[in-house]
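Whatever order the structure lists ligands and atoms in, that order sets their numbers, starting from 1. Just so you know, these numbers come straight off a predicted model, no measurement behind them.
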Amino acid sequence: MKKEYVKRYEGNPILTKADVPYKVETVHNAGVVRHEGRYVMLFRSHLDTGRSILGKAVSEDGFRFTVEAEPFMVPAKEGVFAEYEAFGVEDPRIHPLEGAYYITYSAYSEHGVRIGLAKTTDFETLERVAFITQADYRNTVLFPEKIGGRYVKLDRPHSEISPWSMWIAYSPDLRHWGDSRVILKPVTYHWDQMKIGPGAPPIKTKKGWLTIYHGVYPTMDGSVYRLGVCLHQLDDPAVILGVSDRWILSPEDPWELVGYVHNVVFSCAAVPEEDGTVKLYWGAADTVMCAGTAVIDELVDLCLRCGRAPM
Ligand code: BMA
């Protein structure tokens, strides 16, 4: 059994609030994508109101990022988006899809948390498309292409009877979603027994769609957020081919163990590279951004060899 699936970048943390030219309290839970030969990061920051906004940073190598002078996305000022984003926008995931970048984000308001969908082609302007869930949903990721003629998303509703599980849903137009089903649940006395949620947008591999997700374990000292992997069938991603019973990343470095919320590694981004590796990005202790690399085939293999039951 391999000891380490994710190799941490030696320069971690890669981004902190000291790198941000405007006043923020944290830099975490960022979406990252390759755009025109560079890496673009949209990161979440807490303000000193406790509410969140999104900033933008750009990098040549995927590790050393420069933050832009102004925030990229703040709560909308008018209309339906203003009503549902009043308490902040959080945890962006960026999806290259049909020539544009679709951004899913958590929108908070007095009505709860729901998922907004926004669109950009250049990371200069941003168009809000629609809310694609009701409350209380978080952690929505889109598959990077249509499957069976429809768009597909994973997300994470919550209910008392079936806590914090991963669901799949389908859409003809990215706005209207249906045919939803639960596909992966926390299972008692496994590392992710308390809650799970999709992390990075799924990655296409020969053996299936690879999803990096977060799993939470309750302890006497609060919850621990770790990262794990599962594999979906290529032509029917509702079918889970394997889910690893071992985590791939657990809080270890000092900035992962201690911060705004301690013992957290939380990912919204994984960028597959042509050499078969993936650059993985995670927020550490809800305070700073970190990065590392993994070998995609090893993660796929882990899903298939070291599986637990999906539910
Ligand atoms: C989750 C979300 C994440 C956060 C994590 C750890 O419920 O709020 O944005 O990183 O908790 O605090």
Going by the atom numbers of ligand 1, which of them fall below 4.0 Å from some non-hydrogen atom of [X]?
X    : result
R44  : 9 (O)
V261 : 12 (O)
K195 : 7 (O)
D91  : 3 (C), 9 (O)
R138 : 2 (C), 3 (C), 8 (O), 9 (O)

Worksheet item: If we ignore angles and hydrogens, is there a donor and acceptor under 3.5 Å between the side chains of T219 and D221?
Response: no
Are [Y] and [X] an aromatic pair, judged by ring center distance below 6.0 Å?
X    : Y    : value
Y39  : F65  : no
Y213 : W191 : yes
Y260 : H28  : no

Practice prompt. Just need the protein heavy atom nearest to atom 7 (O) of ligand 1, so name the residue and atom and give the distance.
Written response: Y225 OH, 3.2 Å
Practice prompt. Name the closest protein heavy atom to atom 12 (O) of ligand 1, giving the residue it belongs to and the distance to 0.1 Å.
Written response: D286 OD2, 2.6 Å
Discussion item. With a 4.5 Å cut-off on side-chain heavy atoms, are L174 and I132 touching?
Written reply: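 No; the side chains remain at least 4.5 Å from each other.
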Item to complete: Check H28 against ligand 1 and report side chain, backbone, both or neither, counting heavy atoms closer than 4.0 Å.
Response: neither
Practice prompt. Spell out, as yes or no, whether a donor-acceptor pair under 3.5 Å connects the side chain of D61 to the backbone of F63.
Written response: yes
Fill in: Salt-bridge present (E252, R226; N to O < 4.0 Å)
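Looking at E252 and R226, the cut-off is not met.
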Worksheet item: Are any of the N or O atoms of E90 closer than 3.5 Å to those of ligand 1?
Response: no
